[in-house]
Amino acid sequence: MTHTTHPTVDELFDISDDRLRERASLKWSNVDVDVLPAWVAEMDVHLAPAIIDALQNAITRHDAGYPGSAEGVTQAFSDFARDRWNWNIEPDQVSIHVDAATAAAKLMRHYAGADRSVMIMPPVYNRFYDWLDVGGVRPVEVPLTDVPNGGYFDLDGIEAGLKAGTKVILLCNPHNPLGRVFSRHELSELAELAERYDAVVLSDEIHAPLVYHGVEYSPWLTVSE
Ligand SMILES: Cc1ncc(COP(=O)(O)O)c(C=O)c1O
């Protein structure tokens, strides 16, 4: 595949087993040759042409110092958010972190206050428990209700947790693993509760660009400050 033409989806995913096994990444370097690692978070895909160009460009210039201005990426995110979700977020409201886990742990540590707890709604992305651990906070679990039919916020349970002193709710929307996209109405109900008890909602929206066409998706900050 050459990056001078725009690749098709088939081309992007057309990589032989042998080539994948040459990769130094965790997924492929960590298994014996008779094992086919099937986890999905590390995708078996060619890099996008724009990424190849940017990396090759940097290498040609020996441009490998500490990260400098993030203007390009904050502007790109702002443009993407406006085009995709009609969400106006200014580039200077966007900050760059090593990964979602590091940012979330820092924020939870900061906002949890004396209570040192964070509310999560299982079944949820299992690494959330590690994130809380790193943030030095304990989980208050308020499971989603009616999971076989989609999974819904247990507003009474959430209110009980907030009343007991929890100041941070870690939300996953779109939800991993349920695939649920919470409606604007559901998010508003959660926002009202959080506001009433002076709590902060941290919304992990990492899967938002994967929502099916025709499904309404609302970034948290378009629902509540
Ligand atoms: C809900 C959710 N948040 C965060 C992450 C972390 O993504 P990364 O691979 O960037 O660590 C994942 C990865 O699966 C995820 O599902």
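No hydrogens, no waters, no symmetry mates; every other heavy atom, side chains included, goes into these values. Atoms within a ligand are numbered from 1 in the order they appear, just like the ligands themselves.
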Subset of ligand 1 atoms that lie under 4.0 Å from at least one heavy atom of W131:
3 (N), 4 (C)
Please check: side-chain N/O of S78 versus main-chain N/O of T74, any donor-acceptor pairing under 3.5 Å?
no
Ligand 1 atoms nearer than 4.0 angstrom to some heavy atom of I206 are 1 (C), 2 (C), 3 (N), 4 (C), 5 (C), 6 (C), 7 (O), 15 (C)
With backbone taken as N, CA, C and O and side chain as the heavy atoms from C-beta onward, which portion of W39 lies under 4.0 Å from ligand 1: side chain, backbone, both, or neither?
neither
Can you check whether L162's main-chain N or O pairs, donor with acceptor, with T166's side chain at less than 3.5 Å?
no
When you measure from the side chain of K27 to the backbone of E42, do you find a donor-acceptor pair of N or O atoms at a distance under 3.5 Å?
yes
Select one of side chain, backbone, both or neither to describe which atoms of H207 lie under 4.0 Å from any atom of ligand 1, heavy atoms only.
side chain
Any protein heavy atom < 4.0 Å from atom 11 (O) of ligand 1
no
I'd like to know if the side chain of R184 reaches the main chain of T222, judged simply by a donor and an acceptor atom lying under 3.5 Å from each other, with no hydrogens or angles considered.
yes
Nearest to atom 5 (C) of ligand 1, what protein heavy atom do you find, and at what distance?
Y125 OH, 3.4 Å
Atom 16 (O) of ligand 1 touched by protein heavy atom at under 4.0 Å
yes
Going by atom types only, do D99 and T102 share a side-chain donor-acceptor pair under 3.5 Å?
yes
One thing to verify: whether R21 and D32 come together as a salt bridge, which I'm taking to mean a side-chain N less than 4.0 angstrom from a carboxylate O.
no
For atom 7 (O) of ligand 1, decide whether some protein heavy-atom distance is shorter than 4.0 Å.
yes
Taking heavy atoms and a distance under 4.0 Å, where does C172 meet ligand 1: side chain, backbone, both or neither?
side chain
H175 side chain reached by M121 side chain, heavy atoms, under 4.5 Å
no
Tell me the nearest of N126, D99, D204 to atom 2 (C) of ligand 1, using heavy-atom distances.
D204
